[in-house]
Amino acid sequence: MEYDFRKIEKDWQKKWKESNAYRVTNDFSKPKYYVLDMFPYPSGAGLHVGHPLGYIASDIYSRYKRLKGFNVLHPMGFDSFGLPAEQYALDTGQHPAETTKKNIATFKSQLDNIGFCYDWEREVQTSDPSYYKWTQWIFLQLFNSYFCHTEKKALPISLLIKKYETKGAMPKNGEPIPGKHFTAEQWNAFSEKEQADILMNRRLAYCGYGEVNWCEALGTVLANDEVVNGVSERGGHPVVKKKLRQWYLRITEYADRLLEGLNTVDFSDAMKEMQSNWIGKSSGAEIDFGILGFPGSKLRVYTTRPDTIFGVDFMVIAPELDLVNEIRSEEQAVAVDEYLAYVKSRSERERMAEKKISGVFTGAFAVNPFNGARIPIWTSEYVLAGYGTGSIMAVPCGDERDLKFAKHFNIPVTNIIGSHFNGEEANPTKDAILENSGFLDGLVMREAMEVAIKALEDNGIGQRKVNFKMRDAAFSRQRYWGEPFPITWKDGIAKEWTGDLPLVLPDVEKYSPGPDGQGPLANIPEWVAQELETNTMPGYAGSSWYFLRYMDNKNENEFCSRAASDYWNQVDLYIGGTEHAVGHLLYSRMWTKVLYDLGHIGFDEPFRRLVNQGMIVGNSRVINRIQLLSNDDSVISTVFVSVGKNEHSEVDGLDGHDITKKIVDLYFNHVSALALDDIKQVSFSALHVDVNIVDGIELDIQAYKKWRPEYIDAKFFTEDDGRFLCHERIEKMSKRYFNTVNPDDLCAKYGADTFRMYEMFLGPVEMSKPWDTKGIEGVHRFLKKFWRLFADETKGLIVNNDEPTAAELKVLHNAIRKIEQDTERFSFNTGVSGFMIVTNELTDLKCHKRKILEPLLILLTPYAPHIAAELWSLLGNTTFVLDAAYPTFEEKYVKETSKAYPVAINGKTRTELTIALDATQQQVEELVLTDEIVKKWLDGKSPKKIIFVKNKMINVVI
RNA sequence: GCCCCGGUGGUGGAAUUGGUAGACACGCAGGACUUAAAAUCCUGUGACCCGCAACGGUCGUAACGGUUCAACUCCGUUCCGGGGCACCA
């Protein structure tokens with residue numbers, strides 16, 4: 001009886017499907033456990049081996065929890081709106097819904113091949129109207145809410161309107177500021193438009209204007225990574241900044257709660273740190289500087305270091321601020337204009353990453369409010385308009401970036417921190433005693449901060465300010481393939497659409513952009529006639545709340561019933577990549593908080609525990625090609641050169657004609673009638689070859705010629721043993737590098753169980769690692785060996801009912817302990833090796849006893865469900881192993897009375913001594929000193945100290 | 001540039017709390033079985049030194065420095081690789 005994994009896996013997948021083995025009911029009587037994978041985008045390329053890494057981990061954990069008696073929700077669905085489908089539609093005219101449908105079908109069949117325990121009845125797709133109906137509904141909740149600063153939570157905007165109608169908006173103390181404050185009478189007298197504008201300033205989903213990367217030639221907005229060196233990645237067209245009307249989510253109001261919430265969740269410290277860095281809470285002061293010659297204008301800066309105000313040597317304002325043009329001098333006008341034009345073409349990413357210092361003096365001067373010093377005002381791309389006030393006061397002695405700028409432009413540097421500043425490197429210390437700092441002289445910086453802020457406030461030139469680096473999230477896209485906003489515009493006023501949700505995405509003739517940077521929806525006359533919003537929602541809209549829909553995905557009356565969300569509650573375990581660290585995770589945390597504030601759900605953090613999976617990177621194979629090109633650029637002859645035959649050192653130092661001659665000598669002897677004069681150029685290239693036709697690094701030349709028939713006549717210079725070897729290159733797994741490996745192929749060749757265990761065996765889930773198919777044989781061998789514990793090729797089932805020995809029980813219980821612990825702490829790679837060890841040990845013991853093997857099958861079920869199910873049923877069980885009870889570890893079987901202690905001399909292990917576990921320090925010392933090897937090292941001397949750590953080791957210090 | 005993570009044999013990795021570095025595999029080498037192959041099994045395998053060998057020794061976790069009886073693990077500096085930086089998902 002052989003391990004026929006193909007038949008076994010097909011049979012069991014069918015059985016599980018027919019019996020609805022993975023259907024999850026909202027059975028409120030059982031304890032629940034919610035395991036979630038990050039939403040995949042169904043790309044046209046299908047799954048490669050990198051995708052399922054996290055899915056396998058979560059599947060193992062889900063099955064493990066099920067064996068432990070939990071009602072486990074482990075759903076899967078698709079984040080099916082997105083740019084790639086739209087781009088494909090633009091290129092081919094195919095409707096994104098069509099291609100998306102096809103892609104999803106591919107993904108699902110690939111996922112099923114691996115044997116995941118998804119309940120497909122709970123599948124959701126963000127582009128399905130029955131789903132985005134509720135995305136739109138939640139958007140309206142956001143639109144119709146505001147953040148109350150007193151209660152620090154979202155409230156219905158109707159309450160705010162009521163307040164304005166009865167009390168107005170007046171300051172708690174101090175004089176009302178016109179334009180900001182108003183009385184109830186004033187409010188009631190405002191026009192509808194005026195009222196709408198005021199309310200827009202408080203809505204959680206609001207409309208504003210923001211700068212985007214605008215590409216005139218493509219007529220569209222580009223993502224930062226679609227812009228390279230100021231031109232579009234596709235086509236190389238110029239890209240400039242353009243202001244467009246945009247929807248935003250007021251996530252900044254939740255900054256503090258998003259920060260505090262991190263204390264209540266189990267995310268890695270790195271993840272928490274990334275999120276809090278993104279939120280970027282800082283405290284400091286806003287300070288108003290006067291501008292020489294502009295009595296009405298103020299230059300407002302935000303600084304975290306008001307104590308350094310006497311060290312300000314120049315100011316820098318963001319180039320996009322209008323102020324630049326208002327204050328620039330005549331002499332500097334040309335230089336400023338040139339610089340602004342340069343910056344306009346730069347993406348924010350490039351500006352931040354730029355090492356080269358650039359900037360221009362505006363010709364204007366600010367005035368230090370404390371000592372009246374004249375401070376030159378510069379503009380430079382390293383200051384971004386979106387941070388703080390978009391202007392900074394530069395203190396070169398305390399800030400490295402400011403110092404480099406000052407040095408580059410020869411701006412004199414004031415030292416306010418005495419010997420803490422050496423003139424070479426800025427020192428951001430807070431411990432220096434201030435000098436050259438007027439009334440702050442002699443104070444330690446740390447303390448001077450408060451004194452400075454007080455002075456600013458007393459003199460009315462600034463105030464204490466808490467600042468967040470986080471900005472409100474842009475929530476609209478000028479695209480087709482996204483959720484339409486249920487919003488209409490009349491006379492410049494945004495109103496909730498009055499029709500029934502969903503507002504269905506209409507079909508369009510073509511997917512190209514609408515006029516004036518509007519999205520494709522603006523091309524539809526009927527849409528525009530209804531005055532509907534022409535933007536659509538961004539990719540993260542649907543993924544911000546999908547974990548709630550899984551709980552109750554068929555509900556037509558609510559996004560999710562309160563009973564279902566109260567039961568399933570938070571996601572207990574969320575698995576996904578760190579690339580979502582700040583985007584998706586923060587938005588879904590915010591949406592959860594809003595839904596909680598408005599009373600729709602009972603918890604305000606969506607994910608209790610987060611585990612980050614690493615990426616699987618590709619392991620490409622590259623071969624050397626040498627071609628002779630003739631004068632008309634046609635190819636005369638092509639050769640491929642194996643790694644060891646690449647004599648590039650031979651041509652080092654040669655040039656032009658000599659290289660050609662040498663190369664022809666080396667590689668082109670076989671070409672007859674070759675005239676050197678006909679050769680215009682020798683071309684060297686490294687070509688990616690499909691990793692699937694390479695064995696290790698050895699190329700299958702015949703397969704290559706079949707794949708690339710244009711090289712059918714090329715000569716291959718192999719190693720002396722006849723093999724043709726490739727170079728390796730570790731890079732992103734991508735179709736264009738021919739380094740993708742399809743899980744379907746591996747499942748077909750080795751089986752899903754082998755594939756699952758091999759992915760886990762590769763290394764820790766959270767670490768990135770290169771893919772290498774070679775090692776999969778080892779895992780497959782293990783499963784065959786495991787099978788042979790139960791069945792023999794000729795004799796069939798060989799399991800007996802004999803009583804296990806103490807040694808066998810010890811092996812079993814060590815395995816239970818190890819595998820349970822490793823599964824619990826997500827160390828699946830060592831879990832797999834635990835299975836290998838127990839299998840090796842039981843094979844050595846020739847143990848085929850049911851009482852040992854049956855519990856082992858249950859342990860294996862989460863990792864390799866098919867083989868476990870088959871053997872379970874071969875043993876005569878009529879129930880599914882999926883619902884067996886997880887074996888319990890019993891200490892008594894593994895108890896030891898002695899241990900082989902390593903004995904180190906001065907920290908280096910020299911020998912080993914077996915000593916009773918209950919031995920005392922004194923007994924151990926006596927034993928150690930009688931040991932021959934220890935005596936040898938002591939060489940007659942007595943040891944200074946003997947360190948004995950129970951159950952660990954012994955160290956003799958000489 | 002800024003923030004986060006990582007770097008251990010030829011390869012993937014193990015070492016859970018500062019306590020035997022290299023578990024478990026891959027690969028490689030040798031052997032058994034076989035007419036042969038596949039499959040399977042056995043032995044060896046970090047580098048170096050001395051030696052016929054048993055034994056023994058030195059070095060070794062990116063590099064350098066520090067703390068400690070003891071460092072892959074803690075601290076500092078540097079180098080290299082990966083992820084994120086707000087319209088890819």
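Throughout, protein chains are lettered first and strands after them, A, B, ... in sequence-line order, and every chain is numbered starting at 1.
Within 6.0 Å of the CG atom in A:Asp269, the count of heavy atoms belonging to other residues, nucleotides or ligands does not exceed 12. Around NZ of A:Lys732, the count of heavy atoms belonging to other residues, nucleotides or ligands within 6.0 Å does not exceed 12. Within 6.0 Å of OH on A:Tyr382 lie more than 12 heavy atoms contributed by other residues, nucleotides or ligands.
Counting any heavy atom pair closer than 4.0 Å across all strands shown, A:Val582 reaches sugar-phosphate atoms only and no base atom. Note on A:Ala581: nothing from the nucleic acid sits closer than 4.0 angstrom, heavy atoms only. Within 4.0 Å (heavy atoms only), A:Met470 reaches at least one base atom of the nucleic acid. Residue A:Glu273 is in sugar-phosphate contact alone, with no base atom involved, counting any heavy-atom pair closer than 4.0 Å across all strands shown. Nucleic acid contact class of A:Gln246 (heavy atoms, under 4.0 Å, all strands): base. A:Leu222 comes within contact range of the sugar-phosphate backbone alone, with a heavy-atom separation under 4.0 Å but no base atom that close. Across all strands, A:Gly82 comes closer than 4.0 Å only to sugar-phosphate atoms, never to a base (heavy-atom distances). Among the heavy atoms of the strands lying under 4.0 Å from A:Asn840 are primed sugar atoms or P, OP1, OP2 only; no base atom is included. Contact annotation for A:Ser268: no contact, since no heavy-atom pair falls under 4.0 Å across all strands.
With rounding to whole Å, A:Tyr750 atom OH is found 12 Å from B:rC26 atom P. Taking atom CE of A:Met615 as the reference point, atom P of B:rC5 lies 17 Å away to the nearest angstrom. Atom CE in A:Met836 sits about 5 Å away from atom C1' in B:rA25, given to the nearest Å.
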Derivation of the side-chain hydrogen bond (donor to acceptor under 3.5 Å, both in side chains) call for A:Thr830 and A:Ser833: CA-CA 5 Å; A:Thr830 55; A:Ser833 83; 5.7 Å; no
Is there a salt bridge (charged side-chain N to carboxylate O under 4.0 Å, His left out) between A:Lys935 and A:Asp931? Walk through the geometry before answering. CA-CA 6 Å; A:Lys935 272 193 202 158; A:Asp931 182 78; over 6 Å; no
Show your reasoning for whether salt bridge (charged side-chain N to carboxylate O under 4.0 Å, His left out) applies to A:Glu2 and A:Arg788. CA-CA 8 Å; A:Glu2 274 193 321; A:Arg788 286 199 304 273; over 6 Å; no
Applying side-chain hydrogen bond (donor to acceptor under 3.5 Å, both in side chains), run through A:Asn213 and A:Glu226 and close with a yes or a no. CA-CA 9 Å; A:Asn213 298 314; A:Glu226 294 178 300; over 6 Å; no
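For the segment residues 41-54 of chain A, the set of residues with a heavy atom within less than 4.0 Å of an atom of RNA chain B comprises A:Tyr41, in numerical order.
A tilted orientation is assigned to the rings of A:Phe475 and A:Trp591, their planes being inclined by 30° to 60°. Taking the six-membered ring where the residue is Trp, A:His584 and A:His580 present perpendicular rings, their angle passing 60° and hence far from 30°.
Judged by distance alone, with hydrogens and angles left aside, A:Gln478 brings a side-chain donor or acceptor within reach of the base of B:rC87, the pair sitting under 3.5 Å.
The two residues A:Ser620 and A:Val691 have their closest heavy-atom pair at CA-CG1, 4.1 Å. A:Asp79 and A:Thr126 get closest at one heavy-atom pair: C-OG1, 3.5 Å.
Base-pairing analysis of RNA chain B finds the following stems of at least three consecutive Watson-Crick or G-U pairs, with both pairing distances under 3.5 Å: B:1-7 with B:79-85, B:10-12 with B:24-26, B:27-32 with B:40-45, B:46-49 with B:56-59, B:62-66 with B:74-78.
Of the side-chain N and O atoms in A:Thr909, one or more sit less than 4.0 angstrom from OP1 or OP2 of B:rA21. When the side-chain nitrogen and oxygen atoms of A:Arg471 are compared with OP1 and OP2 of B:rA86, none of them lie within a distance under 4.0 Å.
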Under 4.0 Å protein heavy-atom contacts per nucleotide of nucleotides 53-62 of chain B, with B for base, S for backbone only and - for none: ---SSSS---
If a protein heavy atom is under 4.0 Å from the base, mark B; if only from the sugar-phosphate, S; if neither, -; do that for nucleotides 37-46 of chain B going 5' to 3'. --SSS-----
Under 4.0 Å protein heavy-atom contacts per nucleotide of nucleotides 66-80 of chain B, with B for base, S for backbone only and - for none: ---BS----------
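Here the rule is side chain to side chain donor-acceptor pair (under 3.5 Å) with A:Asn535, and of A:Gln246, A:Arg477, A:Arg479, A:Gln478 only A:Gln478 fits it.
Aromatic ring centres of A:Phe39 and A:Phe547 lie farther apart than the 6.0 Å criterion allows. If you look at A:Tyr3 and A:Phe786, their ring centroids are not closer than 6.0 Å.
Straight-line distance between the P atoms of B:rC24 and B:rA36: roughly 32 Å, to the nearest whole Å. B:rG22 sits 14 Å from B:rA47 when the P atoms are compared, rounded to a whole Å. Straight-line distance between the P atoms of B:rA38 and B:rU45: roughly 25 Å, to the nearest whole Å. Spacing of C1' atoms, B:rC2 relative to B:rU8, comes out at 30 Å, to the nearest Å. B:rU11 and B:rU61 have their P atoms separated by 15 Å, with the value rounded to a whole Å. Between B:rG19 and B:rA71, the two C1' atoms lie 10 Å apart (nearest whole Å). Comparing the same atom, C1', in B:rU17 and in B:rC74 gives a spacing of 13 Å after rounding to whole Å. Annotation: B:rG9 and B:rC26 have their C1' atoms spaced 13 Å apart (nearest Å).
When the salt bridge (Lys or Arg N to Asp or Glu O under 4.0 Å) test is applied to A:Glu820, the partners found at least two apart in sequence or on another chain are A:Lys68.
In the model, A:Ser588 has no side-chain atom that pairs as donor or acceptor with a side-chain atom of A:Ser544 under 3.5 Å. A:Tyr750 and A:Glu777 form a side-chain donor-acceptor contact under 3.5 Å, judged by distance and modelled atom types alone. Judged purely by distance below 3.5 Å, without hydrogens or angles, the side chains of A:Ser282 and A:Asn467 never pair a donor atom with an acceptor atom.
Remark on RNA chain B: of its neighbouring residues A:Tyr901 and A:Pro770, the 5'-side contact belongs to A:Pro770, judged by nearest-heavy-atom nucleotide.
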